[in-house]
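Contents: one structure, followed by commentary.
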Amino acid sequence: MNKPIVFMFSGQGSHYYHMGKELYKSNPLFKRWMDKLDEEVFKISGLSILNTLYDEGNEKQDKFHNIEITHPAIFMIEFSLAQVLIENGVKPEYVLGVSIGEYAAAAVAGTIKAKEILEALVKQAYMLKQHCEKGYMISIIGDSNLYYESPIIYRNSQLAAVNYSSHFVISGKYENLKKVEKYLKSRDLIFQELSVDFGFHSSYIDPIKLPYINFLNTKSFYSPKIPMISSLNGDLISTIRENYFWDVIREPMKFSNAIKNLESLQDYIYIDLGPSGTLANFIKYNLEEQSKSEYYSIVTPYNQEMKNLNKILRQFISN
């Protein structure tokens, strides 16, 4: 039996300046979709995402924290790349998103138009900047039980995600997370600050809950045409329930549960459409030794995206 293809979409923290630039310069279809989506964002907000994203004055390693740019930029990369694969005959049997990557998964699955997702992301970014206290997120290499076993961690942060057995993410206020970092250093634990200015998947974004849900209620959501796997609980979604697109940025992400549930059924081909190949890396640590599943990434910070894309097209293109 052929392995089903799963498109995966990552969220905040996976972005950086010039992500997807090689594809933008070399793949006309990717460029066409990116330009189209950039025009939509400009109509909504008056901002050109591409002018900032590919500005030669910005270095890839520079901090890229403007959420009004990064939110739509991540979606644009992921949705455009999905269209490139689909239009070339590589079609997903499932879509799986994490955090705002669930927005891209929903658009690809046909639950809502890309234009309306962009409106929702721009509105969310604006509300966060207007109403929420700044904070950030930290990814930690270690058993997620460490969160509950370490008073310094759980008193100063909230658990935001469990990505595999030895990798979790926390959210919090700036001054509190600095206390956590000091503790992690004292324990020689590996951690990394994510490029975000707000504590997603925590109560620190609750000030926008009601106005954002009210905004979402003005949108119409349809049943997915492509089965969606939720990182909220790891289950298959047949309908988009009320408040779903609030919950995917507020509640903890359980990517490991999603993969565990999928893997209990059969083997898959996982294709990471995020900007950094983050989820492909997480897949590696979630697979059991006996699994015959495969995982691939396309866009990474290492300028291999055309090579990676062409490899996937050669290997999985439908006849």
task = Mind running ring pair (Phe, Tyr, Trp, His ring centres under 6.0 Å) on Y94 and F7 for me, showing each step along the way?
result = CA-CA 6 Å; Y94 298 92; F7 281 5; over 10 Å; no
Distance-minimising heavy-atom pair for [X] and [Y]:
| X | Y | answer |
| --- | --- | --- |
| F200 | A160 | O-CB, 4.0 Å |
| I229 | A258 | CG2-CB, 3.9 Å |
| I86 | P92 | CG1-CD, 4.0 Å |
| P4 | Q266 | CD-NE2, 2.9 Å |
| A125 | I67 | CB-O, 3.6 Å |
| Y164 | I141 | OH-CD1, 3.9 Å |

Taking [X] for its side chain and [Y] for its backbone only, find out whether a donor-acceptor pair lies under 3.5 Å.
| X | Y | result |
| --- | --- | --- |
| N286 | F282 | yes |
| N310 | M306 | yes |
| Y270 | S297 | no |
| S276 | S14 | yes |
| N243 | W246 | no |
| T111 | A106 | yes |
| N176 | S157 | no |
| E305 | E22 | yes |
| S150 | Y147 | no |
| S264 | N261 | yes |

Can you measure from [atom1] ([X]) to [atom2] ([Y]) and round to the nearest 0.5 angstrom?
| X | Y | atom1 | atom2 | result |
| --- | --- | --- | --- | --- |
| I237 | E102 | CD1 | CD | 6.0 Å |
| E39 | I44 | CD | CD1 | 12.0 Å |
| I138 | S171 | CD1 | OG | 9.0 Å |
| I77 | M19 | CD1 | CE | 5.0 Å |
| D38 | L53 | CG | CG | 9.0 Å |
| F168 | N145 | CZ | CG | 9.0 Å |

Grouping I, L, V, M, F, W and Y whenever their side-chain heavy atoms are under 4.5 Å apart, do [X] and [Y] come out in a common cluster?
| X | Y | result |
| --- | --- | --- |
| L236 | L265 | yes |
| F245 | Y222 | no |
| Y17 | I49 | yes |
| M34 | F42 | no |
| Y204 | I153 | no |

task = Look at the aromatic rings of Y212 and F215 and report parallel, tilted or perpendicular, splitting at 30° and 60°.
result =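 Answer is parallel, since the angle falls under 30°.
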ask   = Should the pair Y54 and H18 be assigned to parallel (<30°), tilted (30 to 60°) or perpendicular (>60°) ring geometry?
value =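 The arrangement is parallel - the two ring planes meet at less than 30°.
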query = Quick one: which of Q124, H71, E78 gives a side chain to side chain donor-acceptor pair (under 3.5 Å) with Y103?
reply =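 Of the listed residues Q124, H71, E78, the side chain to side chain donor-acceptor pair (under 3.5 Å) partner of Y103 is Q124.
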task = Give me the one residue out of H201, E251, R250, Q12 that meets side chain to side chain donor-acceptor pair (under 3.5 Å) with S99.
result =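 For S99, the side chain to side chain donor-acceptor pair (under 3.5 Å) test succeeds with only one of H201, E251, R250, Q12, which is H201.
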task = Check step by step if ring pair (Phe, Tyr, Trp, His ring centres under 6.0 Å) holds for F9 and F79.
result = CA-CA 9 Å; F9 305 90; F79 186 83; 8.6 Å; no
query = So which of I283, D272, I312 actually passes side chain to side chain contact (heavy atoms under 4.5 Å, CB included) with Y296?
reply =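 That would be I312.
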Looking at [X], I want to see if its [atom1] is surrounded by more than 12 non-hydrogen atoms of other residues, nucleotides or ligands under 6.0 Å.
| X | atom1 | answer |
| --- | --- | --- |
| K209 | NZ | no |
| I190 | CD1 | no |
| Y126 | OH | no |
| Q290 | CD | yes |

Salt-bridge test for [X] and [Y]: reply yes if a basic N is under 4.0 Å from a carboxylate O, no otherwise.
| X | Y | answer |
| --- | --- | --- |
| E87 | R32 | yes |
| E193 | K178 | yes |
| E56 | K21 | yes |
| K129 | D197 | no |

request  = Apply the test side chain to side chain contact (heavy atoms under 4.5 Å, CB included) to residues I205 and L128: give CA-CA distance (whole Å), side-chain angles for both, the deciding distance (0.1 Å), then the verdict.
outcome  = CA-CA 7 Å; I205 65 168; L128 286 164; 3.8 Å; yes
ask   = Can you check ring pair (Phe, Tyr, Trp, His ring centres under 6.0 Å) on Y148 and Y154, steps first, answer last?
value = CA-CA 6 Å; Y148 301 102; Y154 71 71; 7.7 Å; no
inquiry  = Using side chain to side chain donor-acceptor pair (under 3.5 Å), reason through Y24 and S80 one step at a time and then give a plain yes or no.
reply    = CA-CA 10 Å; Y24 186 78; S80 297; over 6 Å; no
ask   = For D143 and S166, does a side-chain donor sit closer than 3.5 Å to a side-chain acceptor?
value =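 There is no such pair between these side chains.
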request  = State whether a side-chain donor-acceptor pair under 3.5 Å links S203 with Q158.
outcome  =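 Yes, side-chain donor-acceptor contact under 3.5 Å.
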message = Does Y285 form a ring pair (Phe, Tyr, Trp, His ring centres under 6.0 Å) with H167? I'd like the steps, not just the answer.
response = CA-CA 9 Å; Y285 294 104; H167 187 281; 8.7 Å; no
message = Between V169 and I140, is the side chain to side chain contact (heavy atoms under 4.5 Å, CB included) condition met? List the steps.
response = CA-CA 6 Å; V169 181; I140 301 171; over 6 Å; no
request  = Would you mind reporting whether I112 and K219 have side-chain heavy atoms less than 4.5 Å apart?
outcome  =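 Result yes, sub-4.5 Å side-chain heavy-atom pair found.
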request  = State, with a plain yes or no, whether a side-chain heavy atom of L273 is found less than 4.5 Å away from one of L279.
outcome  =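 Heavy-atom side-chain distance check fails, nothing below 4.5 Å.
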key: Residues E263, S291; criterion side chain to side chain donor-acceptor pair (under 3.5 Å); working and verdict   = CA-CA 8 Å; E263 288 288 312; S291 175; 2.8 Å; yes
task = Go through L96 and S231 one step at a time and tell me if the side chain to side chain contact (heavy atoms under 4.5 Å, CB included) criterion holds.
result = CA-CA 7 Å; L96 168 59; S231 287; 3.6 Å; yes
request  = Decide yes or no on side chain to side chain contact (heavy atoms under 4.5 Å, CB included) for S223 and I240, but give the supporting numbers first.
outcome  = CA-CA 6 Å; S223 296; I240 302 297; over 6 Å; no
